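What follows is one structure encoded as structure tokens, with my remarks underneath.
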Amino acid sequence: MTFGKGHHLHLIDGSAFIFRAYHALPPLTRKSDGLPIGAVSGFCNMLFKLVEDNAGPDAPTHVAVIFDHSGKSFRNDIYDKYKANRPPAPEDLVPQFPLTRDATRAFNIACIEVENYEADDIIATLACKARDAGGRVTIISSDKDLMQLVGDGVEMLDVMKNKRIDRDGVVEKFGVGPERVVDVQALAGDSVDNVPGAPGIGIKTAALLINEYGDLDSLLARAEEIKQPKRRQTLIDNAELIRISRDLVKLDCDMDLDISLDDLEVREPEAEALLEFLASMEFRTLTKRIADKLGVDTPVIPDTPRAIEAAQADAPDAPPITPDSYEWVKDAAALKEWIDLIYSRGWVAIDTETTGLDEMQADLVGISLCVNAGHACYIPLAHKASAGDDLFASDALAEGQMDLETALEMLKPVLADPSILKIGQNLKYDAKILKRYGLEMAPIDDTMLMSYALHAGEHGHGMDTLSDRYLSHEPIPIKSLLGSGKSAVTFDKVPIEDAVKYAAEDADITLRLWQLFKPQLHVKQVTTVYETLERPLSPVLAQMEMNGVMVDRDVLSRMSNAFAQKMAALEAEIHEKAGQPFNVGSPAQLGEILFDKLELPGGKRGKNGKYSTGADILEDLATEHELPGLVLDWRQLSKLKSTYTDALQDHINPETGRVHTSYVQTGANTGRLASTDPNLQNIPVRSEEGRRIREAFVAPEGKVLASLDYSQIELRILAHVAGIDSLKQAFRDGLDIHAMTASEMFGVPIEGMDPMVRRQAKAINFGVIYGISGFGLARNLRIPRKDAQEFIDRYFERFPGIRSYMDETVAFAKEHGYVRTLFGRKIHTPEIAAKGPKAGFAKRAAINAPIQGTAADIIRRAMIRMPAAIEGLPAKMLLQVHDELIFEVEEQAAEETIERVRNVMETAAAPAVHLDVPLVVDAGTGRNWAEAH
DNA sequence: CTAGAGCGCTCG
DNA sequence: GTACGAGCGCTCTAGC
């Protein structure tokens, strides 16, 4: 049978269906694993309704669902900004795109998409073919771009409004017949698709002009005749843009399709395949309805959520992880194919290989990509030829590599494309490397951050850990390629064939982890944490790290020399008092001197049978002998010199003259950041001598450093979460909280309070945050344990809400295995069920985590909002130290900057959380960090 | 020679 | 046996 007169073709605009379904329905998720399926559900219902409605006399004989092939089309070659303003598809819709194709096939309906073309072109080509063959066509869509096809037996049907659109309908909408629709659209433009058109001309005016002049070409040719000066000028000025617009809106009726109309003949669904699909989506109602209609038994959909392991076993289509499937991309043609694949998929896992771990200095060596489990490649860009390959130049590049600049030029639009999701493991690293090469990357998903949101406290979040744990696969160790220690080489020396296996595997593993984690975010109810506290922070940190802080080498160097001299003098004195030379830096040797040779009291041995010689012990011994005090002085200098004045100099970047720390977003289980290489969160401040190190952290000429820190944020949070009215009121009244505590506990007036009493209250306040114990407080205050316990008892008596908060928190942790911050962050406490000393640790950690974690969440929220808040000011955010943010700002803008930053910090909890206590931020500025703090 | 544990000290 | 959360430099030793 050949398609012809008497036949009726239905062409369904699949993409329109998907978006309509997505927006019409709440965000449904599959019960077993949280996979978002709202759009698929709506899509299936719409398909089913069509099938049901197709029983009547007007039923189609042929039907097809047409989809847009994701990514770019030939129209982008005509006009590169085509559809450029279109926002990316929502996160939870992206994984549903392929499922709607599966659904179409499950209904046994032809499913068509063609690379480089839009659905509208395929619809146009099929509609023209069918019309020419003498058949009828109904286009099921409300897209006005398709109205140019109406007429001669072609109609549109808007299923939502249940309205047919024929020739008259088109005239009603455009003021012209279908054959002139393109002309009107070319003039009017379309802001949604970013079709330029002629500025100032809308559909009404366009129709008027076309009706007057006949068609677009005549209009443009006779533009001079137009009476209205503005219209005349805009048509003359924009003639070229208008012609381009016409090319953009004109649908291609003459595509080469390898499918014929006869292939589209209506087929009955195959019950088994359709029901299997519906059951796999866990659509209970629809499965039953369709099973009933088809007259077969409804398949059973299990109610119990599957475990992760089951979900994995459930995906037999994921091929095993093997280097055999990885591709070595050698030239632009091969890379182009990968880029096309990325566009067709909508996402890509990416990983960069470099010559080192310092993102501010390492060079790019290659890039790996993965679009699908097992489908990965490596693009080597700067591998060196091995010595044997080229006798003349040892730094010659190896064969089989494409030009680095060409590759980056090709990848640049993909990485910046808002419709392409870039997936990585610790993407901040790759983003910084690529940024140094001029490439921006957005939007992103980071499997490390996902793991952190899901599993903080349960395990680490490095790729090796995750791969082993969730994919049961041990990745190729980097050491097997680079070696280790002195003989280690950089990645550019690795033979490319080895690099391909290693690098592509990393991208492959990352993509697989993403596929596992993404749906889990919903299931574990940490989507908001991930989306609002993790994902948006990563680029902010990257920018801070790249900003760096200026450090004055000379200041450090001078201090270092001074320390060295003092240490030498102390060392001589120490040896003299000890009666023999020994390594003062060796606790083991010191212990023997103190406790064996000098026979001082209190020698306690640690785990390895060595004496403990910690500061607290030496302080106690200082009353017995001169030696311990000298050692303490020596240790302070030694610490300052080695960790700060010496090591810090090595971290000054030779190109920027600044120190660029790295923040580990997943470093602390509570949500705090960790700072490494170097750690700038533990620069001395408590001792006078140590604080001087901060004088080396400076602002350049004409600028100052501004430091803003939350005052007592953790105690404020404690007052809020434990609901202690008197503490909350004290914070509202701006009282000295430690003095107030002392006053409440001991019944003494705040005025003229003994500083010792206040100090004890302060220790108790902090102790509470840490999960207080009599032993700990006793040791901290150096008072008998009994006295400490009395203090604690009295404290709980006065603030009973604190005790119940602690008890409830521990009970919650025992029941659920985790605790939560006010913003929903989960911190797992797997040891809470343990016996013995571990239980104590876990209990205190569980008490502390919601407090410390909520404070961490608040400053994260402030940091995420900060770039927008200081936009336009000559100010840069440089550092975070848990409750403090440090900025570098031009002197005359310091006041304005502080005002804006303070405002963001003080309101950072809102609107997600309303605190019963105010957040207060102290601020200071100075030429260096010591002055600013 | 190297990796890792343990100690001790720095910060919030 | 004990305050909560981190990173890093040094010493020392087990194991290649």
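Hydrogens, waters and symmetry mates play no part in the numbers below; they use all other heavy atoms, side chains included. Every chain is numbered from 1, with letters handed out A, B, ... down the list of sequences. Everything quoted here is computed from the prediction, not taken from an experiment.
For A:Arg844 and A:Phe841, the positive end sits near the middle of the six-membered ring, less than 6.0 Å away and at most 45° from its axis. Seen from the ring of A:Tyr818, A:Lys826 counts as a face-on cation partner, given the 6.0 Å and 45° thresholds.
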Protein proximity profile, nucleotides 6-11 of chain B - base contact B, sugar-phosphate-only contact S, no contact -, cut-off 4.0 Å on heavy atoms: SSBBBB
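Of the P atoms belonging to C:dT2 and B:dG6, the separation is 14 Å, rounded to the nearest Å. Comparing the P positions of B:dC7 and C:dG1 gives a spacing of 15 Å, expressed to the nearest Å.
Here C:dG5 presents its P atom at 16 Å from CZ of A:Arg860, a figure rounded to the nearest Å. Residue A:Lys843 contributes atom NZ, which lies 16 Å from atom P of C:dA3 at whole-angstrom precision. The distance from atom CD1 of A:Ile478 to atom C1' of B:dA3 is 18 Å, rounded to the nearest whole Å. B:dA3 atom P lies 12 Å from atom NZ of A:Lys486, rounded to whole Å. Computed from coordinates, the A:Leu715 CG to B:dG12 P distance equals 15 Å when rounded to whole Å. Taking atom CZ on A:Phe775 and atom C1' on C:dA3, their separation rounds to 9 Å, with Å as the unit. A:Asn583 has its CG atom 5 Å from the P atom of C:dT11, to the nearest Å. Note: CD (A:Glu571) to C1' (C:dC10) measures 14 Å, nearest angstrom.
A:Glu592 has no carboxylate O lying under 4.0 Å from a charged side-chain N of A:Lys597, or vice versa, which leaves the two without a salt bridge.
Evaluated for a salt bridge (Lys or Arg N to Asp or Glu O under 4.0 Å) with A:Arg782, the options A:Asp620, A:Asp787, A:Asp616 yield exactly one hit, A:Asp620.
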Dot-bracket encoding of pairs in DNA chain C, which uses [ ] for pseudoknotted crossings and | for another strand, Watson-Crick or G-U under 3.5 angstrom: ...||||||||||||.
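Contact record, A:Ala719 with A:Leu727: CB-CB, 3.8 Å, taken as the closest heavy-atom pair.
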Dump every N/O contact between nucleotides 14-16 of chain C and the protein below 3.5 Å, one line per pair.
none

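Annotation for A:Lys604: atom NZ does not count as buried by contact number, only 12 or fewer foreign heavy atoms lying within 6.0 Å.
A ring-centre distance under 6.0 Å is found for A:Phe791 and A:Phe746.
Contact between the side-chain N/O atoms of A:Arg844 and the OP1/OP2 oxygens of C:dT2 is not found at any separation under 4.0 Å.
The aromatic rings of A:Phe697 and A:Trp929 sit perpendicular to each other, their planes meeting at more than 60°, with 30° as the lower class boundary.
Residues that satisfy the salt bridge (charged side-chain N to carboxylate O under 4.0 Å, His left out) test with A:Glu808, not counting sequence neighbours, are absent from this structure. Applying the ring-ring contact (aromatic ring centres under 6.0 Å, His included) rule to A:Tyr611 yields the partners A:Phe595; only residues at least two apart in sequence or on another chain are considered.
Each salt bridge (charged side-chain N to carboxylate O under 4.0 Å, His left out) pair with one or both residues in residues 669-679 of chain A, not counting sequence neighbours, appears once here: A:Arg672-A:Glu714.
Here A:Asn669 lies in heavy-atom contact (under 4.0 Å) with sugar-phosphate atoms only.
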